[in-house]
Amino acid sequence: MGKYQFQSRTPYYGIGYEEMPRSPKFGFQRGTGMYATRILRCNWSDANALCRELLGVIEFVAGVPNFVNPLTAPGLQYLIVNQIDVEPFDGDSPDGDTELTLGTTASTYEGVGAMVTAQYKTMDLNQDQNRPNIPDGTYLSIRETLGVEYQTLPGRTWVWTSNSQPLPDDVAAGMIIPTGQIVANWSRVAQPPDITVENARGKVNTSTFIGRAAGTVLFLGMNKNRQFQFDDSNSGLYDLEYSFSINNKGWNKFYDPARGDWFTIKATIGGAPPYASTSFDQLFGYNG
């Protein structure tokens with residue numbers, strides 16, 4: 001049987017398709033935002049190209065990543081394809097003239113076509129002005145967890161308000177210090193900045209980072225996971241998870257009992273602070 005002739009279209013691969021009845025479907029889930037599902041039918045041999053068109057791809061030209069934008073859900077630019085399932089439109093009607101060889105060929109369905117189910121989820125397109133700029137084709141989500149740290153100070157640090165007498169030395173007064181954690185998930189990264197990450201570990205932000213003042217965010221490290229594009233090129237992308245720790249007082253500040261406040265300190269020899277500083281914006285670029 002010959003191919004069906006589906007509606008033609010012009011973006012990247014120019015793949016023809018038709019949208020099935022009761023598609024698309026939209027919904028909302030608290031905590032994750034909008035989601036959608038589209039069910040499309042195309043020629044069997046065009047299914048992989050249609051999936052690449054829906055997902056978007058990163059093509060390397062002379063070693064430089066060039067991003068081809070994904071197709072967002074119609075009228076909803078923040079909904080990006082997160083999962084795709086492909087199956088025969090009629091699984092009981094394979095092409096009868098296909099010669100099957102285990103490990104090299106499988107049944108084809110040119111006579112009935114493929115049904116492509118695309119599931120969309122809300123993806124962060126880096127619209128928040130407090131967030132670092134990221135390369136086209138990558139996505140960034142930020143999760144913050146706020147907490148506190150309990151710190152004890154010697155009794156001589158304080159005096160009773162009633163008589164201005166110092167507390168006994170064996171009375172340790174406690175203070176609650178605001179702290180927190182930041183986890184930044186950066187996905188579809190073509191060239192992870194491994195050298196920059198290694199150089200930034202254990203350093204604090206030299207300027208405002210995600211709305212936090214300079215010196216209050218400490219970079220702890222990175223988890224890196226490999227993912228693959230929807231093709232047979234084995235061209236890998238990466239999901240990076242950056243971890244940061246927040247100290248609202250500042251990581252280079254310590255409490256001075258004599259003056260009753262927090263002040264920066266430095267090394268006796270050389271004058272270096274406990275934590276060196278760097279720009280965290282470099283963590284979100286293809287720069288080494």
Side-chain angles (χ1 to χ4, degrees), residues 31 124 126-134 139-186 192-224 240-285 287-288:
D124 193 334
N126 198 37
Q127 300 296 316
D128 189 339
Q129 63 180 357
N130 287 326
R131 299 189 180 188
N133 292 321
I134 55 177
Y139 303 99
L140 179 63
S141 63
I142 304 292
R143 184 176 74 252
E144 292 191 38
T145 303
L146 301 182
V148 296
E149 178 181 307
Y150 186 78
Q151 181 173 339
T152 59
L153 299 172
R156 65 179 182 277
T157 304
W158 309 98
V159 297
W160 299 108
T161 58
S162 58
N163 56 17
S164 298
Q165 295 298 309
L167 275 66
D169 289 340
D170 58 352
V171 174
M175 293 185 64
I176 298 296
I177 310 300
T179 60
Q181 299 291 322
I182 296 175
V183 176
N185 290 103
W186 186 27
D194 294 324
I195 297 175
T196 299
V197 168
E198 184 64 28
N199 292 335
R201 284 197 306 164
K203 295 181 180 179
V204 298
N205 56 319
T206 191
S207 58
T208 301
F209 178 68
I210 312 181
R212 300 286 174 175
T216 61
V217 181
L218 175 68
F219 180 47
L220 302 179
M222 172 186 74
N223 289 326
K224 179 170 67 174
L240 307 184
E241 181 183 271
Y242 292 145
S243 297
F244 305 86
S245 187
I246 304 168
N247 182 332
N248 284 358
K249 295 294 186 180
W251 284 97
N252 286 321
K253 287 186 176 182
F254 290 80
Y255 191 81
D256 182 3
R259 290 181 287 177
D261 205 347
W262 300 78
F263 297 92
T264 56
I265 63 173
K266 61 183 180 180
T268 303
I269 300 176
Y275 297 98
S277 62
T278 189
S279 172
F280 290 164
D281 289 344
Q282 301 177 44
L283 295 171
F284 300 90
N287 53 6

Rounded to the nearest 0.5 Å, what's the gap from [atom1] on [X] to [atom2] on [Y]? Could you check?
{"X": "R131", "Y": "I210", "atom1": "CZ", "atom2": "CD1", "value": "7.0 Å"}
{"X": "D261", "Y": "K253", "atom1": "CG", "atom2": "NZ", "value": "7.5 Å"}
{"X": "L218", "Y": "R201", "atom1": "CG", "atom2": "CZ", "value": "11.5 Å"}
{"X": "T278", "Y": "F209", "atom1": "OG1", "atom2": "CZ", "value": "11.5 Å"}
{"X": "N247", "Y": "T179", "atom1": "CG", "atom2": "OG1", "value": "7.5 Å"}

For [Y], is there any backbone N or O sitting under 3.5 Å from a side-chain donor or acceptor partner on [X]?
{"X": "N205", "Y": "V217", "result": "yes"}
{"X": "D256", "Y": "W262", "result": "no"}
{"X": "W186", "Y": "Y242", "result": "no"}

Which pair of heavy atoms, one from [X] and one from [Y], lies closest together, and at what distance?
{"X": "A184", "Y": "L140", "result": "CB-CD1, 4.2 Å"}
{"X": "L283", "Y": "P193", "result": "O-CG, 3.4 Å"}
{"X": "N252", "Y": "P274", "result": "OD1-CD, 3.1 Å"}
{"X": "N248", "Y": "T216", "result": "O-CG2, 3.9 Å"}
{"X": "Y275", "Y": "G202", "result": "CD2-O, 3.6 Å"}
{"X": "G271", "Y": "K266", "result": "O-CB, 3.4 Å"}

salt_bridge(E144, R212) N-O dist < 4.0 Å
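Between R212 and E144 there is a salt bridge, with a charged N closer than 4.0 Å to a carboxylate O.
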
Within the 4.5 Å heavy-atom criterion, are [X] and [Y] side-chain neighbours or not?
{"X": "S243", "Y": "M222", "answer": "no"}
{"X": "N133", "Y": "D281", "answer": "no"}
{"X": "W251", "Y": "S245", "answer": "yes"}

State yes or no: are the ring centers of F280 and F244 separated by less than 6.0 Å?
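Aromatic pair counts; centres sit under 6.0 Å.
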
Set out, in order, the CA-CA distance, both residues' side-chain angles and the distance that settles side chain to side chain contact (heavy atoms under 4.5 Å, CB included) for D194 and K224, then state yes or no.
CA-CA 10 Å; D194 294 324; K224 179 170 67 174; 3.2 Å; yes

